[in-house]
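Structure first, commentary second.
Computed from heavy atoms alone, side chains included, the values below leave out hydrogens, waters and symmetry copies. Order of appearance sets the numbers: ligands from 1, and atoms from 1 within every ligand.
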Amino acid sequence: MDTVEVEDSCLGYELILTENDTSTPRCPRGPTLLFEKVSKPGQAGRRFYACSACRDRKECNFFQWEDEKVSEARELAREAQNRKRRPPFSQQQCTARFLRFISLPPDAQKFCRDCQVLVLADETEAHGAHALVPAAAERLRRPSGLLRPLDNKKSNAQYLFTERTARFLLGALAALGYDKVLCVGTPRLHELIKLGNAEGKAKPTKSLLLDIDFRYAQFYDQNEFCHYNMFNHHFFDSEASRAALQDFLRESNGEKVVMVADPPFGGLVKALASSFSRISQTWRTQQRVEGGDVHMPMIWIFPYFFEARILDCFPFLTMLDYQVDYDNHSLYKHNKTGRKQSPVRLFTNIPPAEIVLPEEEGYRFCGVCERYVWRLNRHCAECGACPSKDGRQWKHCTLCGRCVKPSWRHCESCGRCALPDHPCEGSPGRQGCRNCASPTHKRRTCPRKRVGSKSASKKGHGVARFKKKK
Ligand code: SAH
Ligand code: ZN
Ligand code: ZN
Ligand code: ZN
Ligand code: ZN
C-alpha cells in the first residue's frame, strides 16, 4: 500500500515559540507566529512573523520580518484590515438572533445556503434570490448538516466524522465516565453530545466547542461555543471566552473532563502542542493540581506519520490503532485495504488498555502490550511489541533487529531496510547528508536534526508537505 508520509527534510522554516505579548503583530486570526528560515548550517536564519492558521498566501498574506520597523500608517491599515475581517455579528448578537429565530413558526425557520446564516423574519426579502432551506427542530440541532463544510484544502478544510467514528468516540468516553467533553475543532462530536442529551437516554454530558469556524456561534451560546484559534491559543472574544473555558474546566462534584481535538493536518504540531499545554494548564489551575507533570486527559486526533513529532512535544501520549474516518474524505475510509485505509489515529494519555476498540471491526486485545490493536498488527516476540503503525502487517528483519514495513527489503550497501528502489546512500549523488547537504556526515547523524526542528517545514511558512511513499 502507498501511505502518505511527511517529507523529512528540514531545509525550510522552523517555528519559534514565544510568549504572546502585545508586541506580537496580529493578523485577522490573532497573534501571528514567529518562524525562522533554516538556512545554511551554522548560520542563524532570518526570523519573520506569519499567519498562525493559514498557509495559503491568498487567504492571509501577512508577512513581517522580526526586526522590521512598521510605519504607523501601515499599522493603522493593518488594524483596519483586521477589523474588517471580524465576523458580522458578535456572539451576544448571535444568541439574541437565535432566540428570535426559535420563536418563529417552524415553517418560517429557514437557513440561507448562500450566506450560511439563519434568516430572521424581516430578512427574508434580502435573501429573496438565495437558496433557503428549512431549519426547524431536528435540523436546527444538526448544524453540521446545515453548514457547508469549509473546503479550503490548505488551511481549514472540515472533515466530519462518520457515524461509526463519532459513535465509537462517544461510547468510549461514556464508558470511561467523562461528564464533560472539551471539543477542540470537533463540531460534529459536540453536536452529537448535545443530541444525546436532548434524547435524554443517558446521563447528560456537558460539551464546549472551541473552533475557528464562527458560523457555529449562530447555533450555540457563549457556554457552548468559543471562537478560538488552536494554533496560537487565541480567543477572539477574549474575556467572555476565557471565563467560559475556565468554568468548563472546573471539575466540581467529582466531574471528569476530557479534551478531544481534531486539528487540520498541517505541520504545526509544535504550535498545537503549545496551545493544548495551555489548555491543560488552565485545567490544572482550576483543579488546584500541583506540579506540571499532571496533564488533562486528552485525545488528539492526527495521522500516524506525525507520531514522532507529537511524542517529541507530548511524550506522555500513546498512539492507538483505531482508524478514524470521515464522511467527506474519500481517501480516509475505514476497512478499505491498501492506501484507502485511513491514516488518522488517536493520541491519548488515557491508559490504552481502558479504551476498548471494537472487536467486530477487526480489533483485538494484545495481552502483552496491554492495548487493543488492529487485526493485521501481529505481536512480534523479538520486538516485544505489536509494531505496525500503518495498518499493514509488518515483518521482522533480523539484521536490523526490528520490524519494518512489508514493502521494505534489507539493503546490504545501506545496512538497513528500505524500499527496493531506494537511492542507496553510497551511490553517486547520494553521498553526504540528505538533510543539510554536508558531505561530512549522513542524515542519521546530522547535527541540524534537532528536536523540534522537525515540526516546522518547507514552503509557505511551516507547511508539512505530503509525499507518497510505499
Ligand atoms: N472531525 C471533526 C472535524 C474536524 S475538521 C468533526 O467531525 O467534528 C477540523 C476542525 O477544526 C474544523 O471544524 C475547523 O473549523 C477547525 N479549525 C480549523 N482551523 C482551526 C484553528 N486554527 N483553530 C480552531 N479550529 C480550527
Ligand atoms: Zn442569503
Ligand atoms: Zn520485530
Ligand atoms: Zn533490515
Ligand atoms: Zn546533515
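Residues H233 and F231 keep their aromatic ring centres 6.0 Å or farther apart.
Each of the following atoms of ligand 1 lies closer than 4.0 Å to a heavy atom of P264: 18 (C), 19 (N). Close approach of ligand 1 to F231 (heavy-atom distance below 4.0 Å) involves ligand atoms 22 (N). The atoms of ligand 1 that sit less than 4.0 Å from any heavy atom of D213 are 15 (O). Distances below 4.0 Å separate heavy atoms of Y228 from the following atoms of ligand 1: 23 (N), 24 (C). Heavy-atom proximity to L189, at under 4.0 Å, picks out these atoms of ligand 1: 8 (O). Atoms of ligand 1 found under 4.0 Å from any heavy atom of R188, numbered from 1 in the order shown, are 6 (C), 7 (O), 8 (O). The L160 neighbourhood of ligand 1 comprises atoms 7 (O), with distances under 4.0 Å to a heavy atom of that residue. Short contacts between ligand 1 and M230, defined as distances under 4.0 Å to a heavy atom of the residue, involve ligand atoms 11 (O), 21 (C), 22 (N), 23 (N), 24 (C), 25 (N), 26 (C).
Not a single N or O atom of A53, backbone or side chain, sits closer than 3.5 Å to an N or O atom of ligand 1. The shortest N/O to N/O separation between F161 and ligand 1 falls below 3.5 Å. At a 3.5 angstrom cut-off on N or O pairs, Y326 does not count as close to ligand 1.
Checked against the Zn ion (ligand 3), the N, O or S atom of H396 at the shortest distance is ND1. Here the N, O or S atom of H410 that is nearest to the Zn ion (ligand 4) is ND1.
The closest side-chain donor-acceptor pair between N229 and S52 falls under 3.5 angstrom.
The nearest non-hydrogen atom to atom 4 (C) of ligand 1, considering only G185, C226, S144, comes from G185. Remark: among candidates L209, L150, D211, the nearest residue to atom 14 (C) of ligand 1 is D211, based on non-hydrogen atoms.
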Practice task
Begin from the C-alpha positions of E59 and R29 and carry the test salt bridge (charged side-chain N to carboxylate O under 4.0 Å, His left out) through to its verdict.
Solution key: CA-CA 11 Å; E59 243 186 282; R29 282 150 180 103; 3.0 Å; yes
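Ion pairing between E361 and R164 holds under the 4.0 Å rule for side-chain N and carboxylate O. No salt bridge links E191 with K194; every basic N to acidic carboxylate O contact stays at or beyond 4.0 Å. Checked for salt-bridge contact, D321 and R371 meet the test: a charged N lies under 4.0 Å from a carboxylate O.
At a cut-off of 2.8 Å, C400 coordinates the Zn ion (ligand 4) through an N, O or S atom.
The aromatic rings of Y220 and H190 sit perpendicular, their planes meeting at an angle over 60°, well past the 30° parallel limit.
Other residues, nucleotides and ligands contribute only 12 or fewer heavy atoms inside 6.0 Å of the CD atom of E370. Atom CD of Q116 has more than 12 neighbouring heavy atoms from other residues, nucleotides or ligands inside a 6.0 Å radius. Heavy-atom neighbours of K206 NZ from other residues, nucleotides or ligands within 6.0 Å: at or below the threshold of 12.
Considering the Zn ion (ligand 3) as centre, the angle to SG of C383 and to SG of C403 is 110° (10° rounding).
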